[in-house]
Amino acid sequence: MQNKGSDEVETLKTKFLSVWHNVKYSWALKSKTSFSRNSPVFLLGKCYHFKAEDDDGVTETCFEASGEDFVMGNAEAFRRDFASRVWLTYRVELPPLPSSTLTSDCGWGCMLRAGQMMLAQALILHFLGRDWTWSEAMTLQPLDTETWTTTAAKRLVASLEASLQGSPRPSDDGSPPMHQAQAPGCAEEADAHLKEMYHRTLVSWFGDSPLAQLGLHSLVRMGLTMGKQAGDWYGPAVVAHILKKAVEEAMDPGLAGITAYVSQDCTVYNADVIDSHRAPRAGQTSAERSDAPPSPHSDQATSASTLSDSRAVIILIPVRLGGEKTNPDYFNFAKSILSLEYCIGIIGGKPKQACYFVGFQDDSLIYMDPHYCQSFVDVSTSDFPLQSYHCPSPKKMPFSKMDPSCTIGFYSRSAQDYERISQELSKVLQPSAREKYPAFTIVQGHSRDYDLSAGVTPEKREWPFIRDPRRTVTTAGDFVLL
């Protein structure tokens, strides 16, 4: 009897904590984000201008108003593009995380969520292309603190009533179920239908369940092998290696045509990336990839991933853009990187508060914020709601507030594509009068040719920034200060 009472107390504490997280991690979404109509806005390689040719009036526009406020210039196109990016945030009421009793990542999982968002953008480029936008992006409602906290309170009351009455808990998501897409009647409808299937399967890979290929449970499990546990703080360099491991070990045949590469000591080795493009995964042959069964959701995600021996590569580069604070000399570098269409963004943020940088305007970064607590969504159903995986409201932050520790991501479709990318990045990385030291370097050959990890045990070679142990270095966190 005493045990039963203790369980009920723990259940009530969990429910109240859930509501508190909704309040705590929703307040920051209340303020509106203003954009200048006189300056271009860059979003993952695309450039948008908000000022119409005949508009000489107000110089700012906000992005939490109604749709009719976005007709000037191509602000509506920006809004549609931004809202089409996959948004991964804190979630509650999850199945227990590996080696833990935690059922939420609120307060500690923001860097993992930022990493998931960057990985999702790479998969969008891989399967859907940079020009793809979600057909329902413009129907998303603005995020309002009062609305969402009221919903949280109602959910608490319903949960308590259900607990007292012993009745099943109502659905966590108030969104109506998605209807099955109608059979396509023409080529355009067929293409739209196929892309929506890609989109849905892609989101399902990031579901919060133990079976999701790239979900939180999978990432936490990978982190255990690197000394990280659920509830720990994950830095951007560690998350880069966790993402690499998760992609390489994903069993879904749709992900067989893509892998990940993490730079070593702020250096990208061209031959290693080319090898990643060409070599099959360990223990897997091209024949095995071709004969793999279709994805459990549908037969999508196969044409781009299983018909060729060449794999796409997600290139992740952990860097440090300064000492305690980001060096202003790197601001233009960050802008140049985010102006490239094959850039999949930057994960970083403020100290101990991660976010996913996707663009900029003037001297402010545009980012997606994972610090928003939402309920668990069961992605195993064929019509699970997609609305909570897309954010209608961009946020901005001055470059000066950016933490210097971050990981930059790029997507390379083929070895030929990488040759072009490496040439373009080499130009971006050319030292200037202000930027005397590049954020990272690109060199020819393999990393083994430079004897980077001589005398280091194999299990430690996965960690970033390993130098010759005979040299003396000063370290800060996950990084080596040169």
Taken in chain and number order and not counting sequence neighbours, the residues that satisfy side chain to side chain contact (heavy atoms under 4.5 Å, CB included) with Ala212 are Ser209

What I want to check is whether the side chains of Ser310 and Arg413 have a donor and an acceptor closer together than 3.5 Å. no

Indicate whether any N or O donor in one side chain lies under 3.5 Å from an N or O acceptor in the other, for Asn270 and His446. no

Residue pairs passing the salt bridge (Lys or Arg N to Asp or Glu O under 4.0 Å) test with at least one member in residues 112-128, sequence neighbours excluded, are Asp105-Arg113, Arg113-Asp208

Do Ser447 and Gln264 have a side chain donor and acceptor closer than 3.5 Å? yes

Checking side-chain polar atoms at under 3.5 Å, does Ser380 have a donor or acceptor matched by the opposite partner on Asp378? yes

Ion pair check, Asp362 and Lys396, cut-off under 4.0 Å: no

So that I can tick it off, tell me whether Arg130 and Asp81 are bridged by a salt bridge, with the cut-off set at under 4.0 angstrom between side-chain N and carboxylate O. yes

If the threshold is 4.0 Å, N to carboxylate O, is there a salt bridge linking Asp403 and Lys325? no

We want to know whether Arg80 and Thr133 form a side-chain donor-acceptor pair, criterion being a heavy-atom distance below 3.5 angstrom. no

Does some side-chain heavy atom of Cys355 sit less than 4.5 Å from a side-chain heavy atom of Met368? no

Report the relative orientation of the aromatic rings in Trp134 and His390; use parallel for angles under 30°, tilted for 30 to 60°, perpendicular for over 60°. parallel

Mind checking the CG-CZ spacing from Leu97 to Arg221? Nearest 0.5 Å is all I need. 11.0 Å

Aromatic rings Tyr198 and Phe127: how do their planes relate, parallel, tilted or perpendicular, breaks at 30° and 60°? tilted

Do side-chain atoms of Arg320 reach the backbone of Gly323 as a donor and acceptor pair under 3.5 angstrom? yes

Residues that Tyr48 engages under ring-ring contact (aromatic ring centres under 6.0 Å, His included), provided they are two or more places apart: Phe78

Among side-chain atoms of Tyr342 and Asp417, is any donor-acceptor pair under 3.5 angstrom? no

If we ignore angles and hydrogens, is there a donor and acceptor under 3.5 Å between the side chains of Asp232 and Trp108? no

Do Asp369 and Lys395 sit within salt-bridge range, that is, some charged N less than 4.0 Å from a carboxylate O? yes

Do Tyr418 and His277 have side-chain atoms, one donor and one acceptor, less than 3.5 Å apart? no

